[in-house]
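Here's the structure, in structure tokens; my notes come after.
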Amino acid sequence: MWWEWLGVGWVMAELEVPAKRARNDGLDGDVVDEEELVPASDVTNAASLISHENDGVAPAPSTARANLSSIMPGWFSEVSPMWPGEAHSLKVEKFLFEGKSDFQDVVVFESATYGRVLVLDGVIQLTQRDECAYQEMITHLPLCSIANPKKVLVIGGGDGGVLREVSRHISIEQIDICEIDKMVVDVAKEFFPDVSIGFDDPRVNLHIGDGVAFLRDVPEGTYDAIIVDSSDPVGPAQALFERPFYQAVARALRPGGVVCTQAESLWLHMPTIKEIVTVCRHTFKGSVNYAWTSMPTYPSGCIGFMLCSTEGPPVDFRHPINPISQQQQLAGEQEKPSSRLPLKYYNSTVHTAAFSLPQFAMDNLESMLTPPLS
Ligand code: JFQ
């Protein structure tokens, strides 16, 4: 079933699609056989419509096909209460995987124009065409802002894309990652080899578990940088947007260490962003900054990042001191895995530009950011 707004309230619509039982044990048995793949346009929409009470809130959809648009058959539409009244759509060529982990629905489909798409609980996490923008920015904005990062922790990021980017930095000796959902890792390895290549780096240590619990056990001051590559603050990632989590991050960073978290859209989530900035101002006594990037397949076409540093050697995020060009050159010389793939989005000019905020965002955030923008 899925939920649709029909002008009078949310209605529950049931699809008749070939049933495929999802299991909880990773990939085994969950990959839909090639012969069973159904061209999305053949999937019948709205076999029946059942009126539902008008509560104005769409519950999270429960399967991939739940997001098939009944207005445009064969299109995936990203519907969520986090961006009410709009839904970005992609034309589906084929569903490649549908599974249900202990934490979320996991779906992969081949789109007509953005390559393969990874969807968790009905929300697009990455597409082959534009993942570079998000993964490169969330990684290099923090890592190019400090000299000689050595120990890095990634929370979330089970697709491996952030690891791929972290591994370009040759100064780094240890890359820990804590991802809650093993199915995301398995699916990425199966369907997104250019992204999951990040796991191939020998410096990477994968922990499957809860990021908050992982941080609790980390000795104080362990990391130079922590990157929080989470999904939206509903479902398994909710705790990653709350004060105790930020406090645990600050504790795990060395003095002058940096954190970069995905921080939603300036166009859609200003109240949430202000809350995050407020919490960060209390927690991080170095600097607190907001940057953003264009990202065609995320809601509103952009995504933001919180960049903060702990008390200690000052960090000027807006002026990178550890340029990636230098890293690439050295990585190339040393034949590290990262040298295989060139950067597609990030460069030093884009880095500095990412901290320029449109006027409405300045009006909302400027007084809370440190150092001040102007
Ligand atoms: C992919 N490595 C992480 N991050 C995905 N609404 C989020 C996906 C959902 C978006 C916000 C970013």
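Each ligand, and each atom within it, is numbered from 1 in the order the structure gives.
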Checklist line | Distance-minimising heavy-atom pair for Asn205 and Asp176 | finding: ND2-OD1, 2.7 Å
Next item on the list: List for me each residue that meets side chain to side chain donor-acceptor pair (under 3.5 Å) alongside Ser367, sequence neighbours excluded, and say none if there are none.
Entry: none
Note to self: Could you check whether Asp105 pairs with Lys100 (Lys NZ or Arg NE/NH1/NH2 to Asp/Glu carboxylate O, under 4.0 Å)?
What the structure shows: yes
Note to self: I'd like to know if the side chain of Arg203 and the backbone of Ile172 have a donor-acceptor N/O pair within less than 3.5 Å.
What the structure shows: yes
Check: ligand 1: which residues have a non-hydrogen atom closer than 4.0 Å?
Finding: Val123, Ile124, Gln125, Tyr134, Gln135, Asp159, Asp229, Ser230, Asp232, Gln262, Tyr298, Pro299, Ile303
Check: When the ring planes of Tyr246 and Phe284 are compared, do they come out parallel, tilted or perpendicular, using 30° and 60° as the limits?
Finding: perpendicular
Check: Is Glu110 paired with Arg116 through a side-chain N to carboxylate O contact shorter than 4.0 Å?
Finding: yes
